[in-house]
Protein chains: 2
Amino acid sequence: MPRTPSPSIPAQNIRVTLKDVASVAGVSAMTVSRVLNAPDTISAATVARVREAIASTGYVPNSAAKALRSSKSRLIAAVLPTLTGSVFLDTIGALTAALARRGYQLMVGQSGYSAIGEDQLITDIISRRPDGIVLTGVVHTDEGRRRLLASGIPIVETWDLTPEPLDVLVGFSHEAVGREVSRFLVGKGRRRLALIGGDDVRSKRRWTAFAKSARALGVPAPVARFVSAPTTLAHGRETLRALLAEHPDVDAIFCSSDALALGVLIEARAQGIDVPKQLAVIGFGDLNFSAQLDPALTTVRIDGPRIGELAAHCIVARALGEPLDERIIDVGFTIVEREST
Amino acid sequence: MPRTPSPSIPAQNIRVTLKDVASVAGVSAMTVSRVLNAPDTISAATVARVREAIASTGYVPNSAAKALRSSKSRLIAAVLPTLTGSVFLDTIGALTAALARRGYQLMVGQSGYSAIGEDQLITDIISRRPDGIVLTGVVHTDEGRRRLLASGIPIVETWDLTPEPLDVLVGFSHEAVGREVSRFLVGKGRRRLALIGGDDVRSKRRWTAFAKSARALGVPAPVARFVSAPTTLAHGRETLRALLAEHPDVDAIFCSSDALALGVLIEARAQGIDVPKQLAVIGFGDLNFSAQLDPALTTVRIDGPRIGELAAHCIVARALGEPLDERIIDVGFTIVEREST
DNA sequence: TTGAAAGCGCTAACAA
DNA sequence: TTGTTAGCGCTTTCAA
């Protein structure tokens, strides 16, 4: 019978309640509650006695009861397209850690890359009455935005500087990225620019600014190819092949992800194309392998963990009704120049 | 005042309760509850009337009240070391999706690679009264295991075939991986084996079996280098350099992750070492870029999403008190042979 | 097929 | 500093 708890385990039972602790300690339930939530208001002797009772009974508070009574769930919901291979992972990881430090738990919802199921997801989230919702790289249907807003739950959007945020926003301007990358490439003497991106809204916004800026700088109109998200190395290889077949004179490529860029690098080598001499390649994301590639990959770096930490700060402040210095935080980005351009 | 909800938004309010819906529909609260949870027991006409009232009021159930009364939270907690760069991501992603399909939400806890804070994490998790807990790649302190068990909450461990599972287990044998990889390499004529791994328990278990099997096959004792988790490409480069400096005759390397293996590949190329002629390289994880590398990387493939789906199946079955066919599920692994060996 | 009463475990509000 | 009362929103149980 290896699964029977050994007798050394205290009589911990999931059904131990505040009342049980109270009667063991010889105080009222309210006093136990105060020891847990505001020990300063209770005499040291009582606190000690109650703490002992808690330990001996193995009491663990019931968050559902707490949430029901106090209307505070200490739960934050995060919505992102998918967990798998996501550029948002560092953000979500940092968010989880920063929230845990503040006594909040994270609930994860994957919206997928389509709007299907989003409605159900939103209902599920609202039904938990989280103290806040962090949206990451998610574009909502109007209906979804409306329901989220109507719920009255504080919302922080991240990874995007939209013109009309729902409430608080922590991100950067994808337009600025597109513009600066095209300036950077043209500044390096490139004239036939191209972009390979995912078919998501953020990538499209970078493209629009990229193309517009290139034209303003007097070089020929760039060309673009879009692949279905999430973007992979294989996409990069295939798309470079197709792109060069049609536009052999392209001399610079902006890839929507470092994975795509790695694919481009590999395909270029396979075709005997010299990077950066014949072709400049710049990625997006600065994954941990990018600096180590040969040639080392020039890329756009976003401080994902910082976004997560700021989002945690903002959403907790909003949840507690504290004032926020700014409603829109631009974390910016950096073009990390390496060997591939 | 752009933040004031537009008047077209229905009077959705987070404070709409079952009672409100009931009075709008002209029925009792209990009837509304039944329409939501067991519509078959209610007449079609009443169902329609209640559904209308729900829509017009914008009612969203309160999970905390539901959980408190019914002792069912429809919440599953997942514990993993870290979200960032984790080999478990596909598993967690699939788990989240599979649970959502069954009406369950996922709560994420990061235990870190140390035991610090694990105790607090466990308390936080138990206090939510999740219907189940999925443990992924986490080795617990005895105290932690005891408290988890004492909580009475169903537990599924994943990614590991430990000799004494807490309850249900979905994983594979790290010993078998180590053994098979050494057999594979020796079968290819290699004799001076080496391993580069993370300093986690699973990696160490693979190493022990790898070394033992190699000796049994009559080749010299393999050498190993361990780096702090999570493993990166940079670790791979550095460690290969150090390893070859000391053991220049090594002719095969088993890396604990494909990221490490990529680093080894890059460093080998930088040093003018021919892979696979002079050095065979095998990774672990089969990341999406591994097949595209040059040379394409031989690696050990684990079906991460399958583990997540099976874990979802098991934990939900346990939560509902349904019988389970097996308590230990071995998903196995595959050595995917490519160009690097 | 529907309703009424009770209470899940906790804390806000008030009282002592 | 501590206790009492009431009730958060829902579902279990019993009754009709």
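Proteins come first, then strands; the chains are lettered A, B, ... in the order of their sequence lines, and each starts at number 1.
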Terminal axes of the helix from C/dT1-D/dA16 to C/dA16-D/dT1 (five pairs each): angle between them, nearest 10 degrees: 30°
Let me know the distance between CG of A/L36 and P of C/dG9, rounded to the nearest Å. 16 Å
Would one find a side-chain N or O of A/N62 under 4.0 angstrom from OP1 or OP2 of C/dC8? no
Any B/T17 side-chain nitrogen or oxygen under 4.0 Å from OP1 or OP2 of D/dG9: no
NZ/NE/NH1/NH2 to OD/OE distance under 4.0 Å, A/E309 and A/R306: no
Whole Å only: how far is the CG atom of B/L68 from the P atom of D/dC10? 12 Å
Taking atom OG1 of B/T91 and atom CG of B/L80, what is their separation to the nearest 0.5 Å? 9.5 Å
Sorted by position of nearest nucleotide on DNA chain C, 5' first, the leading residue of B/S43 and B/S71 is B/S43
Under-3.5 Å donor-acceptor pair between B/R15 side chain and D/dG9 base: no
Rounded distance (Å) that lies between atom P of D/dC10 and atom CG of B/N37: 10 Å
Does the C/dG9 base have a donor-acceptor partner in the side chain of A/R69 within less than 3.5 Å? no
Tell me which nucleotide among C/dT11, C/dG3, D/dT4 gets nearest to the side chain of A/L18. C/dT11
Nearest 0.5 Å, please: how far is OH in A/Y59 from CG in A/L18? 4.5 Å
Any chance you could lay out the salt bridge (Lys or Arg N to Asp or Glu O under 4.0 Å) test for B/R147 and B/D119, step after step, and finish with the verdict? CA-CA 9 Å; B/R147 295 187 52 214; B/D119 215 64; 3.2 Å; yes
Between A/E52 and A/R49, is there a side-chain N and carboxylate O pair less than 4.0 Å apart? no
Look at the side-chain N and O atoms of B/S33 and state whether any lies under 4.0 Å from the OP1 or OP2 oxygen of D/dC10. no
Please determine, for the side chain of B/R34, which listed nucleotide (D/dT4, C/dG3, C/dC10) has the closest atom? C/dG3
Any pair with a residue in residues 92-104 of chain A that passes side-chain hydrogen bond (donor to acceptor under 3.5 Å, both in side chains), sequence neighbours left out, goes on the list, sorted by first then second residue, please. none
Start with the C-alpha distance between A/S127 and B/N62, add both sets of side-chain angles, then the distance that settles side chain to side chain contact (heavy atoms under 4.5 Å, CB included), and finish with yes or no. CA-CA 5 Å; A/S127 81; B/N62 181 326; over 6 Å; no
Nearest-angstrom distance from the residue atom CD1 of A/I42 to C1' of D/dG3: 10 Å
So, OP1 or OP2 of C/dC8: does either fall under 4.0 Å of a side-chain N or O from B/S70? no
For the pair made of NZ in A/K19 and C1' in D/dT5, what is the distance, rounded to whole Å? 12 Å
Looking only at N and O atoms, is any donor in the side chain of A/R129 or the base of D/dG9 less than 3.5 Å from an acceptor on the other one? no
Taking CE from B/M30 and P from D/dT13, how many angstroms apart are they, rounded to a whole number? 11 Å
Rounding to an integer number of Å, can you tell me how far A/R74 CZ sits from C/dT11 P? 12 Å
B/S73 and B/D131 side chains, donor-acceptor separation under 3.5 Å: yes
side-chain N/O B/T41 vs C/dT2 OP1/OP2, d < 4.0 Å: no
For A/K66 and D/dC10, give me the distance from atom NZ to atom P, rounded to whole Å. 21 Å
Picking from C/dG3, C/dC10, C/dT1, the nucleotide nearest the side-chain atoms of B/V27 would be C/dG3
A/T46 side chain near D/dT1 phosphate (N/O to OP1/OP2, under 4.0 Å): no
